[in-house]
Peer 1: 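Here's a structure for you.
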There are 2 protein chains.
Amino acid sequence: MTKTKNISTDYLKELLESKDVKPSFQRLSVLKYIIQKKNHPSVDTIFKALSKDIPTLSKTTIYNTLNLLTQKGIVTALTIADNETRYDFGEEHHAHFQCAVCGMVFDVKVDSDFCDRDFIDGHKVDEIQVHFKGVCSNCLNKNNTFLKH
Amino acid sequence: MTKTKNISTDYLKELLESKDVKPSFQRLSVLKYIIQKKNHPSVDTIFKALSKDIPTLSKTTIYNTLNLLTQKGIVTALTIADNETRYDFGEEHHAHFQCAVCGMVFDVKVDSDFCDRDFIDGHKVDEIQVHFKGVCSNCLNKNNTFLKH
DNA sequence: ATCATTGCAAACACTTTGCATACGC
DNA sequence: GCGTATGCAAAGTGTTTGCAATGAT
């Protein structure tokens with residue numbers, strides 16, 4: 001099914017503490033989910049998944065957690081979808097592809113010659129996001145309607 | 001102030017009609033605004049600007065118009081801002097820079113070797129957006145707080 | 001007369017805020 | 001016990017939808 005390499009809680013704790021974030025159970029759970037499933041999930045996706053194991057979990061906590069982790073630079077907020085924010089844990093720089101049919105977001109590699117620059121046209125660059133949109137290989141194969149016209 | 005090169009209504013009409021869009025007064029106004037001011041406006045920005053001349057104008061009409069123009073490929077919807085959609089009229093491919101301080105969006109040029117590809121990792125590519133985020137040159141100069149720490 | 005566009009009001013969806021409760025050291 | 005994290009409810013904001021009125025041919 002989905003490949004979920006196990007991630008030690010100690011690693012997650014260290015990761016959070018190294019950025020001065022207290023490793024609460026909820027925060028560990030959210031971070032673990034993002035790292036394990038490399039799904040680029042939305043708040044709702046995380047909420048539905050974690051609610052099964054943590055029935056008392058609130059969406060507010062997920063919002064709080066993700067805003068905190070983004071602010072601390074532990075995760076990245078992707079503005080690839082027009083209606084909802086997706087979240088990503090990626091150290092190395094890579095681009096993203098979102099399928100217009102199924103909505104999934106995939107990592108794609110880009111030979112980025114410009115990704116390392118600190119300034120562009122006099123503007124100070126803190127972050128670069130490269131977004132591809134189209135139809136993913138899964139949806140192309142499943143539904144060959146797209147090939148017919 | 002803002003450089004607004006005048007654009008003939010005939011040009012706008014032809015542009016719309018060539019994509020099977022009836023050139024109503026409201027649609028012409030919205031399209032003209034986007035092409036003239038190149039400031040990648042939000043719905044609200046367009047609404048506030050055009051309301052002065054068209055007091056009966058409704059936000060719904062702007063949403064309708066922009067969705068239609070996007071669908072017809074006349075304008076591009078930018079997902080660079082996390083909360084609101086920005087719109088752009090750009091024929092040639094270019095990247096965008098959004099300032100975290102003032103919120104403005106600028107065009108930036110990128111030597112894009114990968115912008116022409118139709119497929120990436122097996123996914124069919126319809127659209128590419130390159131988003132830079134940081135602090136624009138204006139805000140850097142005005143407020144040297146950013147340089148101090 | 002017919003059909004599409006407009007625009008008000010309401011509904012929707014995502015996110016943030018206020019505040020009381022619960023938790024951890 | 002004190003300070004912070006949690007989570008419910010409500011508010012806020014951007015966008016879409018239902019539908020009646022208006023406008024164009």
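Values below: every heavy atom of this structure, side chains too, minus hydrogens, waters and symmetry copies. Reminder, nothing fancy here: chain letters follow the sequence lines and each chain counts from 1. The structure presented is a predicted model; accordingly, all values stated were derived computationally and were not measured.
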Peer 1: List the protein contact pattern of nucleotides 11-22 of chain D with one symbol per nucleotide (5' to 3'): B for base contact, S for sugar-phosphate-only contact, - for none; contact means a heavy-atom distance under 4.0 Å.
Peer 2: ---SBBB-----

Peer 1: Which residues in residues 46-55 of chain A have a heavy atom closer than 4.0 Å to any atom of DNA chain C?
Peer 2: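 Contacting residues: none.
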
Peer 1: For a side-chain contact (heavy atoms from CB on, under 4.5 Å) check, start with the C-alpha distance between A:Q129 and A:H96, then their side-chain angles and the critical distance, and finish with the verdict.
Peer 2: CA-CA 8 Å; A:Q129 289 192 23; A:H96 294 100; 5.8 Å; no

Peer 1: Please determine whether a side-chain nitrogen or oxygen atom of B:Q26 lies at a distance below 4.0 Å from atom OP1 or OP2 of C:dG7.
Peer 2: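 For C:dG7, OP1 or OP2 has a side-chain N or O of B:Q26 closer than 4.0 Å.
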
Peer 1: Going through the checks in order, is the side-chain contact (heavy atoms from CB on, under 4.5 Å) test met by B:Q98 and B:L78?
Peer 2: CA-CA 11 Å; B:Q98 182 174 42; B:L78 303 180; over 6 Å; no

Peer 1: Test side-chain contact (heavy atoms from CB on, under 4.5 Å) on B:R27 and B:L68 and set out the steps.
Peer 2: CA-CA 10 Å; B:R27 286 168 180 171; B:L68 181 65; 3.6 Å; yes

Peer 1: Does a side-chain N-to-carboxylate-O contact under 4.0 Å join A:K109 and B:D121?
Peer 2: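 No, A:K109 and B:D121 are not salt-bridged.
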
Peer 1: With side chains defined as the heavy atoms from C-beta onward, is the minimum distance between B:V75 and B:L31 less than 4.5 Å?
Peer 2: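 SC-SC contact between B:V75 and B:L31 confirmed.
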
Peer 1: Less than 4.0 Å between a side-chain N and a carboxylate O, is that true for A:D126 and A:K124?
Peer 2: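 Yes, A:K124 and A:D126 are salt-bridged.
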
Peer 1: Would one find a side-chain N or O of B:S24 under 4.0 angstrom from OP1 or OP2 of D:dA24?
Peer 2: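 No, because none of the side-chain N or O atoms of B:S24 sits under 4.0 Å from OP1 or OP2 of D:dA24.
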
Peer 1: Just the rounded figure in Å: distance from P of D:dT25 to NZ of B:K22.
Peer 2: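 Computing the B:K22:NZ to D:dT25:P distance gives 8 Å.
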
Peer 1: Rounding to a whole Å, what distance do you find between A:L66:CG and C:dC14:C1'?
Peer 2: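 In whole Å, C:dC14 C1' lies 13 Å from A:L66 CG.
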
Peer 1: Measure CZ/B:R27 against P/D:dA24 and give the value in whole Å, please.
Peer 2: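 The distance from CZ of B:R27 to P of D:dA24 comes to 13 Å, rounded to the nearest Å.
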
Peer 1: In whole angstroms, how far is the P atom of C:dC23 from the CG atom of A:L57?
Peer 2: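 Roughly 14 Å, once rounded to whole Å.
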
Peer 1: Can you find a side chain N or O atom of A:T61 that sits less than 4.0 Å from OP1 or OP2 on D:dA5?
Peer 2: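 Answer no for this pair, as no side-chain N or O of A:T61 is under 4.0 Å from OP1 or OP2.
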
Peer 1: Taking the six-membered ring for Trp, are A:F106 and A:F97 parallel (under 30°), tilted (30 to 60°) or perpendicular (over 60°)?
Peer 2: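 Rings of A:F106 and A:F97: tilted, as their planes differ by 30° to 60°.
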
Peer 1: Considering the terminal five base pairs at each end of the helix from C:dA1-D:dT25 to C:dC25-D:dG1, what angle separates the two local helix axes, rounded to 10°?
Peer 2: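 Terminal axis comparison yields 20°.
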
Peer 1: Please lay out, stage by stage, how A:F25 and A:I54 fare under the test side-chain contact (heavy atoms from CB on, under 4.5 Å).
Peer 2: CA-CA 10 Å; A:F25 179 67; A:I54 319 170; 3.7 Å; yes

Peer 1: In whole angstroms, how far is the C1' atom of C:dT5 from the CG atom of B:L68?
Peer 2: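 From B:L68 CG to C:dT5 C1': 11 Å.
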
Peer 1: For the atom pair CZ (B:F89) and CD1 (B:I34), what is the distance rounded to the nearest 0.5 Å?
Peer 2: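 B:F89 CZ to B:I34 CD1: 9.5 Å, rounded to 0.5 Å.
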
Peer 1: Taking the six-membered ring for Trp and the full ring for Phe, Tyr or His, determine whether the centres of B:F132 and A:H123 are under 6.0 Å apart.
Peer 2: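 No; A:H123 has its ring centre 6.0 Å or more from that of B:F132.
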
Peer 1: Atom NZ of B:K38 and atom OH of B:Y33: how far apart are they, to the nearest 0.5 Å?
Peer 2: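 Those atoms lie 14.0 Å apart.
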
Peer 1: Rounded to whole Å, please give me the gap between CG in B:L28 and C1' in C:dT6.
Peer 2: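 From B:L28 CG to C:dT6 C1': 15 Å.
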
